[in-house]
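Counting convention: from 1, in listed order, for ligands and their atoms alike. All residue numbers in this chain count up from 1 along the given sequence.
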Amino acid sequence: HCLDKAGIDYVVLEKRKEITHQEGASILILPHGGRILDQLGMFHSLSQYTEPLHAAHISYPDGFTHTNRSPQVLTDRFGIPLILVERRNLLKVLYNSLPDQSLVQLGKKVVSLNHHNGQVTVTVDDGNVYEGDLVVGADGVHSRVRDEVWRLSDAIRSGTVKDKEKKSMSIEYACIFGISNGVSGLVAGEQVASLNKGRSFLTFPGRDGRVFWFLMHKLDKNYTYPGAPRWSPEDAERIAARYIDDHIWNGVQFKDIWDKREVCGITNLEENIFQTWHSGRVLCLGDSMHKMAPNTGQGANCAMEDAALLANYLRHYLDGQKTAAKPSQEDLNTLFEKFSRDRINRLQSIYKMSRIVVRLHAGRNLFLRLMGRYYLPNTGDVPANQASKSIASGIYLDYLPLPTYSAPGWQDFAPNSKLFSGSLLLIMSVALLFGVICWAGRDIHPLSMKILALLGNYVSQ
Ligand SMILES: Cc1cc2nc3c(=O)[nH]c(=O)nc-3n(C[C@H](O)[C@H](O)[C@H](O)COP(=O)(O)OP(=O)(O)OC[C@H]3O[C@@H](n4cnc5c(N)ncnc54)[C@H](O)[C@@H]3O)c2cc1C
């Protein structure tokens, strides 16, 4: 869509044979991702499938519960609701709104890439070969194109991509996810995070009693490729059985959701930001370059930003050319290098936050358990403020008009403060101190709570 609107020719090669395969996955669209979809004219088509989120509940293993209005606060600030959409419906809308669907070629698994006469060729598994000025690998966490970027880099200069980078993706959590039908006791639009030791649940009740859910499960150790665990449906059943009596919210147990599952799956939750994004005329983006836990709902939103920023840069490059000559290798190097640097800069804090949140939700250590239980519930709008900062500095398509809704959040939380990343550790450490005091006494002094709330507000300024 981004290339189409920028007037750049493209073809999409997709290994699957169908667009809307049902795998039980769903995607939270945050305002920065929603703004891009809105610019491309698709956000409203998506809303027919969704129930906007307005409240967030947190439940703890000791029975304590807490509710905040973060989703509604974000909606009010940015003028665009947070929506959870089935992945297949997102793909359906993306596909159906393409002006020329024949440009998406299904059943084309990319196997190799090569440079030839100032062009790049792509060979797919049926033997067909495609040629273009550049190739963008958006082929997910197990990217074939990333392997090819490494091979092409090493062919230019041996050892360019170090083994350390090739093995830098780690796996400490797995996720069982699914969609259930007819679960009572949960309210549409009110998301639930159920925190527990070694696991956490995220539950998004949608329309007509449908519930989208995720169980994040801590593994016995930290894995790296090629030693990553592999999962079968039986493994999902075995893990689910361990946590079947866990309380989700309002008397609903995981059993009530699991027993009513329509569809479910299991996957590793890989984590990493790779450093080598390109070689020659080939560039990678999306999950192939940055993979994060889904607890903050950022992966796909960041992938959309990647697409938007690349389209912006390509469009600027083409606008600046006096002739219709093809982009030279040197020009592409400069463009790809700037693109990957800008993206890594933007992604660092988002990635760090997703690492913290998945561990905090699963009570990874005493510090995080104290933070989760005694700090988080007393922080008011702090989670919404942190999210607002990353949303407000989101990428948009600079060659298309911005949506016309007026919402103050885009300006109010625009990147003019360096407080966030620099002070996060400090604030968490101070919060830990207060957490320990609260935990030791269990009887939480109102002054401690006031100080925690003030600290929280300070971080989010
Ligand atoms: C459980 C879970 C929940 C998540 N929830 C959220 C959320 O709420 N919000 C959010 O923003 N993100 C979420 N994410 C992350 C999100 O799903 C990913 O970040 C996003 O899908 C990445 O998009 P992508 O296009 O880079 O890769 P993918 O979505 O993985 O797409 C890659 C595509 O490339 C195709 N492909 C692969 N290899 C080849 C090949 N050799 N040749 C041709 N085609 C190929 C695949 O078939 C696929 O269609 C979640 C992830 C998980 C695991």
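Under the 3.5 Å distance criterion, with hydrogens and angles disregarded, a donor-acceptor pair is assigned to the side chains of H316 and D398. Of the N and O atoms on the side chains of Q253 and D246, not one donor lies less than 3.5 Å from an acceptor on the other residue.
Ligand 1 has no nitrogen or oxygen under 3.5 angstrom from a nitrogen or oxygen of K109. Taking distance alone, with nitrogen or oxygen atoms compared against 3.5 Å, K15 approaches ligand 1 more closely than that limit. Ligand 1 has an N or O atom lying under 3.5 Å from an N or O atom of D287, backbone or side chain. Below 3.5 Å of separation, one finds no N or O of V141 facing any N or O of ligand 1.
In this structure the side chain of N385 never reaches within 4.5 angstrom of the side chain of V73, judged on heavy atoms. No side-chain heavy atom of S59 sits less than 4.5 Å from a side-chain heavy atom of I248. Residues I179 and E86 form a side-chain contact, since some pair of their non-hydrogen atoms from C-beta on lies under 4.5 Å apart.
The heavy atom nearest to atom 40 (C) of ligand 1, out of those in D125, V110, D147, L30, is found in V110. Taking all heavy atoms of I27, V12, L202 into account, the minimum distance to atom 13 (C) of ligand 1 is reached by I27. Remark: among candidates G107, A293, S26, G299, the nearest residue to atom 5 (N) of ligand 1 is S26, based on non-hydrogen atoms.
Judged by distance alone, with hydrogens and angles left aside, the side-chain atoms of N268 form a donor-acceptor pair with the main-chain N or O of P229 at under 3.5 Å. At least one donor-acceptor pair under 3.5 Å links the side chain of E14 to the backbone N or O of R16. A donor-acceptor pair is defined here as one N or O able to donate and one able to accept, closer than 3.5 Å; such a pair exists between the side chain of Y60 and the backbone of G372. The closest donor-acceptor contact from the side chain of N312 to the backbone of Y396 lies under 3.5 Å. Judged by distance alone, with hydrogens and angles left aside, the side-chain atoms of D126 form a donor-acceptor pair with the main-chain N or O of N128 at under 3.5 Å.
Protein heavy atom at the shortest distance from atom 4 (C) of ligand 1 is P294 CB, 3.4 Å. Taking atom 28 (P) of ligand 1 as the reference point, the nearest protein heavy-atom neighbour is R87 NH2, 3.7 Å. The shortest contact between atom 36 (N) of ligand 1 and any protein heavy atom is with D139 CB, 3.8 Å. The nearest protein atom to atom 30 (O) of ligand 1, hydrogens excluded, is given as G140 CA, 3.6 Å; this is a heavy-atom distance. Nearest protein heavy-atom neighbour of atom 32 (C) of ligand 1: A138 O, 3.4 Å. Protein heavy atom at the shortest distance from atom 7 (C) of ligand 1 is L28 N, 3.2 Å. Scanning the protein for heavy atoms near atom 23 (O) of ligand 1, the closest one is A303 CB, 4.1 Å. For atom 35 (C) of ligand 1, the nearest protein heavy atom (residue, atom name, distance) is E14 OE1, 3.4 Å.
The part of R144 lying near ligand 1 is the side chain, judged by heavy-atom distances below 4.0 Å. Residue contacts with ligand 1 for A300 involve both N, CA, C or O and side-chain atoms from C-beta outward (heavy atoms, distance under 4.0 Å). Within the 4.0 Å heavy-atom criterion, neither part of L84 lies near ligand 1.
Remark: of the listed residues I176, L215, I239, L215 is the sole one forming a side chain to side chain contact (heavy atoms under 4.5 Å, CB included) with R199.
Looking at R151 and D147, no side-chain N of the basic residue comes within less than 4.0 Å of a carboxylate O on the acidic one, giving no salt bridge.
For ligand 1, the atoms sitting less than 4.0 Å from at least one non-hydrogen atom of L13 are 43 (C), 44 (N), numbered in the order shown with element in parentheses. In summary, the atoms of ligand 1 found under 4.0 Å from a heavy atom of G297, numbered by their order in the structure, are 7 (C), 8 (O), 9 (N), 10 (C), 11 (O). When each atom of ligand 1 is checked for a heavy atom of K108 under 4.0 Å away, the hits are 42 (N), 43 (C). Within ligand 1, counting atoms from 1 as listed, the ones closer than 4.0 Å to a heavy atom of C175 are 1 (C). Ligand 1 places these atoms under 4.0 Å from at least one heavy atom of G286: 26 (O). The distance from ligand 1 to the heavy atoms of N301 drops below 4.0 Å at these ligand atoms: 10 (C), 11 (O). Within ligand 1, counting atoms from 1 as listed, the ones closer than 4.0 Å to a heavy atom of R16 are 47 (O).
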Inset, instruction - Determine, step by step, whether K166 and D154 satisfy the salt bridge (Lys or Arg N to Asp or Glu O under 4.0 Å) criterion, reporting the C-alpha distance in whole Å, the side-chain angles of both residues, the deciding distance to 0.1 Å, and the verdict. - result: CA-CA 12 Å; K166 292 180 183 171; D154 281 342; 3.1 Å; yes
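Relative orientation of the H142 and Y225 rings is perpendicular, given thresholds of 30° and 60° on the angle between their planes.
At least one test fails for R77 against the ring of W410: distance under 6.0 Å to the centre or angle within 45° of the axis.
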